[in-house]
Amino acid sequence: MKMVNVMNWQQEQDRLDLVTEKLRSRIAELEPEVTGLREQVVDIRKRFWEEVTVNTSTDEDFEETFYSIKQQEALLSERERSHRQRVQRFKNMKRLLPSPYFGRMDFQEDGLGLSDKIYIGVASFVDADGVDFLVYDWRTPIASMYYDHSPGPSTYETPGGQITGEMMLKRQYQIRSGQLQNVFDTSLTIGDELLQQVLGKGADSQMKSIVATIQKEQNAIIRNDKSRMLIVQGAAGSGKTSAALQRVAYLLYKHRDRLKADQIVLFSPNPMFNSYVSTVLPELGEENMQQTTFQEYLAYWLGSTMNLEDPFEQIEYVLTSQSLQGYQARLTGMQYKASEAFLHALQSYALWLGKEGMLFHSICFRDRELITAEQMKSQFYSYDSSIRLANRIALLREWLLRELTKLERQEMEAPWVQDEVDYLDNDQYAEAYSEVLKKYRREEAVFDFTEQYLEIYGDFRIQKDGEENVFDFSSQEEELLRRMIVKEHFKPLRRDAKRLKFIDTIGLYEQLFSDEATYQKMTGENDVPDQWLEICKQTKEKLSHTELFYEDETPFLYLKELIEGSRTNTMVRHLFIDEGQDYSPFQFAFLKQLFPRASMTVLGDFSQAIFPQSTNLQEVDSPLIRLYGEEETNLFRLIRSYRSAREIVEFTKALLPKEEIVPFDRGGKKPHLLKASNDVERVVRIKEDLAALMAEGLDSIAVITKTAAESREAYEALLAQGGENLRLVTKETLTFEKGTLIIPAYLAKGVEFDAVLIYDASTQTYHRESERKLFYTACTRAMHRLLLYTTGDWSHFIQALDASLYEVV
């Protein structure tokens with residue numbers, strides 16, 4: 001990479017001035033148009049019905065009214081469409097104005113004599129003639145060469161086929177407020193100088209677009225829209241999440257005629273992460289996709305009837321409860337319930353339930369059984385066994401509703417009904433009177449009676465042609481009151497039947513956790529995990545309190561849907577799963593079933609797999625590859641880390657010696673290790689170091705602990721020492737903000753900080769091999785500075801490192 005000479009610099013500034021002036025001119029032209037169209041749309045909406053003649057007297061009038069409405073609707077739609085298009089164009093130009101482009105290529109297509117100057121920015125800008133592109137959107141096919149090729153022979157794909165030619169020049173710009181800051185000629189995708197400057201900036205409270213610094217391997221991920229399953233296994237700081245968000249923007253651009261933002265869903269690791277990435281797509285002129293967490297989805301379907309453990313409670317148990325009885329059995333249960341084997345066991349169990357073993361709740365009313373569980377079971381198994389389980393449940397529901405209708409009629413004669421009739425208030429009598437009067441008038445209309453009648457005692461006597469007809473008003477009224485009372489009491493029974501509350505789902509799931517022989521009989525699974533009886537005991541104990549372990553929630557919901565019928569969302573076309581290594585094979589299979597028409601992009605790092613139910617993303621026999629098959633799956637590995645200074649990457653990669661991680665060549669300070677004599681001294685030193693780091697201009701700092709309890713301890717200790725601007729992050733925290741955060745390692749996943757302080761890196765805190773990846777995850781959050789503290793011996797993870805990788809201070 002090299003700086004351009006003075007003459008080229010002036011030419012580039014002149015060209016930039018020209019584009020900036022044209023942008024300002026077009027913005028000035030569009031502003032009144034945008035405002036005017038908005039007013040037109042509002043006006044048409046207000047006067048919509050004034051412009052429509054409504055007349056339905058005859059078929060011809062009805063048809064004329066219909067076409068009048070359609071015409072007005074078409075006018076409104078056309079104005080709204082024009083307004084949206086102009087607003088989008090207006091916003092794009094406003095976004096381009098401070099920095100119209102960041103790259104340039106001179107490209108000569110084979111067979112053509114002249115080369116074209118291709119300037120690339122975050123949106124397209126066409127000259128007033130509507131033909132010449134002053135700026136190309138980074139997502140256009142021709143712009144892909146900027147990321148994929150160096151000067152020399154180059155190609156790009158278009159809908160009409162491949163275009164070949166010669167890239168004569170590749171140039172990169174830094175522009176602020178319409179002024180050139182830097183101009184580089186480069187032979188690489190993104191030259192080191194530009195990337196150094198971008199990466200050297202401080203961490204922000206929200207993730208930024210990376211379109212100006214997309215690397216070749218990231219570009220391949222962004223523009224891949226053929227694979228049904230796209231797996232991105234990336235080292236910490238390799239830009240996998242950033243690339244995924246640019247991928248969303250690319251898909252929305254390329255398929256803008258048939259793909260909308262609400263057809264894309266991102267499953268985030270925690271609610272705070274949603275805040276962290278929320279500005280990337282709007283920065284690129286796109287609407288945000290739907291964002292949620294997998295736990296929020298589980299809570300939506302199960303939270304009203306069951307108390308759910310969340311994944312952070314589960315990881316807290318794993319990290320803090322080693323001494324509790326049954327700990328090892330619980331860990332074994334976590335792994336088994338997350339496995340493909342348990343998924344297949346539930347599928348086999350559903351087939352077994354089609355023959356025997358279904359459990360139902362009796363329908364009870366006023367302390368008596370109206371329809372017993374045995375009656376339901378008998379009716380259920382009377383249906384043809386070839387009918388699918390969920391379809392038989394639907395048939396049973398219809399049978400129950402018919403039975404409830406019969407029982408409702410019978411119940412009208414029960415003594416309790418008369419008791420309630422006697423205590424009704426005047427309003428309820430008035431309502432019944434009104435209903436009976438309506439019925440009487442309908443009968444009067446049928447018999448064409450005159451409207452002259454006499455009210456005699458509770459009857460209406462109607463005279464016609466000298467004959468008298470009697471309408472027994474009082475008995476009709478009492479019958480209606482009885483019907484109203486019974487109907488109101490039976491309403492919850494009918495509602496519960498429609499909602500399938502008669503199925504004993506908890507009992508059916510609990511039934512699985514019997515002795516080993518019974519489980520094998522119901523599921524056909526011969527390979528039962530160790531400590532099965534203890535796993536069964538723990539699961540049933542939780543179920544007895546209508547509670548579920550986190551590892552039981554997806555299987556429980558899956559079994560529920562096998563019985564009741566699967567819920568599917570066919571509107572969603574793309575699914576993005578961040579921190580995918582923390583999802584189980586069971587959960588991935590469930591998501592595939594839930595979104596049958598969606599392609600899936602899974603991002604993760606198996607080196608940061610801290611949950612017991614983790615899925616290996618990088619192996620050739622990964623369950624994810626089996627999910628859609630090798631032909632529809634593409635696996636990308638990102639090994640270069642851009643987040644941290646080289647010294648931090650060298651330190652953290654040594655914690656996982658078998659992992660291939662290549663640091664970006666950006667220098668910094670080695671991690672600092674400080675041993676304090678006691679807890680108070682450690683807190684005092686952390687407070688001093690926080691002040692020093694902020695004085696250096698590092699304003700995004702995290703004190704990372706192992707657990708939530710340790711986070712609170714650190715927070716309170718620092719406050720007691722006069723710490724300022726501290727923020728304790730918990731699983732309920734919804735927004736990511738700058739400042740000094742005290743945060744557990746498992747909540748810091750996916751985000752980055754200028755400086756990270758590991759609160760306790762002792763062997764007492766990090767000693768189990770299963771905690772190595774958690775420790776690695778905590779350390780890899782640091783961009784510029786990493787400081788570690790202890791009051792005892794260092795963790796053996798650190799003791800095993802070469803001393804040249806850190807400084808003891």
Side-chain angles (χ1 to χ4, degrees), residues 301-302 304-307 345-412 414 416 486-515 517-523 536-537 539-548 552-553 555-567:
W301 289 109
L302 297 176
S304 61
T305 56
M306 306 291 288
N307 294 312
L346 287 185
Q347 292 168 344
S348 299
Y349 178 51
L351 295 174
W352 181 80
L353 289 175
K355 302 171 187 174
E356 57 180 307
M358 276 298 295
L359 300 175
F360 300 101
H361 293 298
S362 297
I363 296 179
C364 297
F365 181 71
R366 299 182 69 85
D367 298 326
R368 70 182 192 274
E369 289 185 322
L370 290 181
I371 306 173
T372 68
E374 282 303 314
Q375 286 176 295
M376 292 186 217
K377 190 172 182 178
S378 175
Q379 182 67 25
F380 178 82
Y381 285 113
S382 71
Y383 300 130
D384 190 331
S385 61
S386 65
I387 299 175
R388 206 164 57 93
L389 194 64
N391 290 341
R392 278 192 271 173
I393 289 293
L395 291 172
L396 181 62
R397 174 175 56 191
E398 296 307 314
W399 176 80
L400 284 173
L401 291 172
R402 290 194 299 272
E403 290 298 304
L404 285 172
T405 300
K406 296 176 189 175
L407 291 165
E408 189 177 314
R409 285 197 295 266
Q410 296 172 14
E411 197 69 21
M412 287 173 58
W416 69 269
V486 175
K487 187 179 185 65
E488 189 63 27
H489 280 274
F490 266 58
K491 189 182 292 183
L493 303 183
R494 300 182 70 85
R495 183 180 63 240
D496 288 350
K498 289 176 182 177
R499 295 177 180 176
L500 307 181
K501 295 290 184 68
F502 56 86
I503 304 172
D504 184 4
T505 312
I506 293 178
L508 288 167
Y509 192 69
E510 182 180 6
Q511 187 171 252
L512 270 170
F513 297 93
S514 308
D515 59 82
T518 306
Y519 178 76
Q520 290 173 336
K521 173 191 170 188
M522 292 187 295
T523 65
C536 293
K537 177 184 173 184
T539 308
K540 290 192 284 190
E541 171 66 20
K542 201 77 170 168
L543 289 168
S544 69
H545 297 97
T546 61
E547 297 175 351
L548 285 170
D552 283 304
E553 290 162 15
F556 183 90
L557 183 56
Y558 182 71
L559 176 63
K560 192 172 187 291
E561 295 197 355
L562 283 175
I563 296 167
E564 298 177 1
S566 298
R567 299 177 183 87

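Positions are given from 1, in the same order as the sequence printed here.
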A.B. asks: Identify, with sequence neighbours excluded, every residue that meets salt bridge (Lys or Arg N to Asp or Glu O under 4.0 Å) alongside E510.
C.D. replies: none
A.B. asks: Quick one, L512 and F556 - any side-chain contact, counting heavy atoms below 4.5 Å?
C.D. replies: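 L512 vs F556: side chains apart.
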A.B. asks: In the structure I gave you, are the side-chain heavy atoms of V486 and R409 within less than 4.5 Å of one another anywhere?
C.D. replies: no
A.B. asks: Check the pair L407 / Q410 against side-chain contact (heavy atoms from CB on, under 4.5 Å), numbers first and verdict last.
C.D. replies: CA-CA 5 Å; L407 291 165; Q410 296 172 14; 3.9 Å; yes
A.B. asks: Would a 4.5 Å heavy-atom cut-off, applied to side chains only, mark L557 and E561 as touching?
C.D. replies: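 A side-chain contact under 4.5 Å exists here.
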A.B. asks: Can you list everything that forms a salt bridge (Lys or Arg N to Asp or Glu O under 4.0 Å) with E488? Sequence neighbours excluded, please.
C.D. replies: K491
A.B. asks: Nearest 0.5 Å, what's the CG-CG distance between L559 and L346?
C.D. replies: 5.5 Å
A.B. asks: Sequence neighbours left out, what passes salt bridge (Lys or Arg N to Asp or Glu O under 4.0 Å) with K406? Give chain and number order.
C.D. replies: E403
A.B. asks: Indicate the atoms forming the closest heavy-atom contact of M358 with I503, along with that distance.
C.D. replies: CE-CG2, 4.5 Å
A.B. asks: Would you call R368 and E411 a salt bridge, using N to O less than 4.0 angstrom?
C.D. replies: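 Salt bridge flag = yes for E411 with R368.
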A.B. asks: Hey, mind stepping through F502 and W399 against ring pair (Phe, Tyr, Trp, His ring centres under 6.0 Å) and telling me if it holds?
C.D. replies: CA-CA 12 Å; F502 56 86; W399 176 80; 9.4 Å; no
A.B. asks: Measuring only between side-chain heavy atoms, which start at C-beta, is T505 closer than 4.5 Å to E564?
C.D. replies: yes
A.B. asks: Can you find a heavy atom in the side chain of L548 that is under 4.5 Å from one in the side chain of N307?
C.D. replies: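 No - every pair of side-chain heavy atoms lies 4.5 Å or more apart.
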A.B. asks: Apply side-chain contact (heavy atoms from CB on, under 4.5 Å) to residues R494 and T405 and explain how you reach the verdict.
C.D. replies: CA-CA 9 Å; R494 300 182 70 85; T405 300; 3.1 Å; yes
A.B. asks: Name the residue from E374, K377, Q379 that meets the side chain to side chain contact (heavy atoms under 4.5 Å, CB included) definition with F360.
C.D. replies: K377
A.B. asks: Taking all heavy atoms of Y381 and all of G354, pick out the closest pair and write down the distance.
C.D. replies: CE2-O, 3.4 Å
A.B. asks: Going by heavy atoms in the side chains, are N391 and Y383 under 4.5 Å from each other?
C.D. replies: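 Not in contact.
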A.B. asks: With a 4.5 Å cut-off on side-chain heavy atoms, are S514 and K521 touching?
C.D. replies: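 A side-chain contact under 4.5 Å is absent here.
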